[in-house]
Amino acid sequence: MSTVPVIAIDGPSGSGKGTLARLLAVHLGWNLLDSGALYRLLALAGSRVGADPHDEAAHAALAGTMNIRFSGDASGEEQIWLGSVEVSREIRTERAGEGASRVAAMPSVRAALMERQRRFAQEPGLVADGRDMGTVVFPDARLKVFLTASAAERAKRRYKQLKDKGFDVSLAALSQELAERDQRDANRAVSPLKPAVDAELIDNTGMSIEQVVQAVLDLAKTRKLC
Ligand code: C5P
């Protein structure tokens with residue numbers, strides 16, 4: 001197992017993991033893995049080649065071969081490419097999230113993406129954001145955080161995030177979709193969403209993002225990660 005330090009951030013949709021992971025990576029000068037984006041990209045890659053959405057073998061094959069690229073800057077403007085097409089916006093829709101959650105329940109897809117995810121662990125360190133970072137992909141992570149927030153707050157945050165990106169969404173429909181996605185993520189047979197036994201649980205309902213970042217940096221300091 002690699003000796004590169006990893007901070008694993010797991011939790012349900014809309015808990016604020018993505019923002020937290022990005023700010024931590026910028027603060028520490030570490031690499032970032034947005035593992036949800038890999039599942040979103042895979043679902044999109046499948047639909048691009050006309051794969052049956054339930055065809056596990058086709059998606060597992062694509063998971064190993066799809067040509068993806070992440071670039072971005074500290075301001076948080078992400079750029080994600082599938083082949084030669086920039087898909088940063090397309091993969092953020094709730095429809096893409098739903099597709100991601102479907103392919104993410106396929107065991108051979110998860111196995112195929114494992115190595116790809118581990119390759120992100122490069123010096124000087126990695127902040128990894130997902131559902132199974134601390135439990136499965138990086139079981140030796142030096143710090144594991146399981147981030148939650150109330151269902152109402154998570155739906156509101158996701159609503160604001162999508163509105164800010166210019167998407168036309170309804171809060172009621174979004175709450176329903178998030179609940180269904182969480183249900184599927186928590187109940188699937190492989191790598192279900194659950195805290196690692198050694199994870200630090202943070203319920204960030206009512207906390208500002210700055211407070212959450214500080215709380216995690218304090219934990220990182222006690223483990224001599226910064
Ligand atoms: O985090 P994000 O909302 O982008 O993730 C989209 C979907 O990808 C999740 O609902 C989940 O089904 C799946 N996922 C996963 N394991 C991860 C990251 C995401 O199963 N490590």
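Note that ligands are numbered from 1 as they come in the structure, with each ligand's atoms numbered from 1 the same way. Note that the coordinates shown come from a computational prediction; the quantities given were computed from them, not determined experimentally.
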Can you give me a line-by-line list of nitrogen or oxygen pairs between ligand 1 and the protein shorter than 3.5 Å?
| residue | atom | partner | partner atom | Å |
| --- | --- | --- | --- | --- |
| ligand 1 | 1 (O) | R131 | NH1 | 2.9 |
| ligand 1 | 1 (O) | R131 | NH2 | 3.4 |
| ligand 1 | 3 (O) | R40 | NH2 | 2.9 |
| ligand 1 | 3 (O) | R131 | NH2 | 3.4 |
| ligand 1 | 3 (O) | R181 | NH1 | 3.1 |
| ligand 1 | 4 (O) | R40 | NE | 2.6 |
| ligand 1 | 4 (O) | R40 | NH2 | 3.3 |
| ligand 1 | 10 (O) | R131 | NH2 | 3.4 |
| ligand 1 | 10 (O) | R181 | NH1 | 2.8 |
| ligand 1 | 10 (O) | D185 | OD2 | 2.7 |
| ligand 1 | 12 (O) | D185 | OD1 | 2.6 |
| ligand 1 | 12 (O) | D185 | OD2 | 3.3 |
| ligand 1 | 16 (N) | R110 | NH2 | 3.0 |
| ligand 1 | 20 (O) | R110 | NH1 | 2.8 |
| ligand 1 | 20 (O) | R110 | NH2 | 3.4 |
| ligand 1 | 20 (O) | R188 | NH1 | 2.9 |
| ligand 1 | 20 (O) | R188 | NH2 | 2.9 |
| ligand 1 | 21 (N) | S35 | OG | 2.9 |
| ligand 1 | 21 (N) | R131 | N | 3.1 |
| ligand 1 | 21 (N) | D132 | OD1 | 2.9 |

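- For the residue pair Q79 and S88, no side-chain donor N or O sits within less than 3.5 Å of a side-chain acceptor on the partner.
- Other members of a hydrophobic cluster containing L178 are absent, since no ILVMFWY side chain comes under 4.5 Å of it, directly or through relayed contacts.
- The residues D10 and K194 are annotated as not salt-bridged, no charged nitrogen and carboxylate oxygen being separated by less than 4.0 angstrom.
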Residues 59-70 side chain polar contacts: donor-acceptor under 3.5 Å, at least two apart:
| residue | atom | partner | partner atom | Å |
| --- | --- | --- | --- | --- |
| H59 | ND1 | D55 | O | 2.8 |
| T65 | OG1 | A61 | O | 3.2 |

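- For the pair E98 and R184, the salt-bridge criterion is met [side-chain N within less than 4.0 Å of a carboxylate O].
- Listed by first and then second residue, the side-chain hydrogen bond (donor to acceptor under 3.5 Å, both in side chains) pairs involving residues 163-175 are K160-D164 (not counting sequence neighbours).
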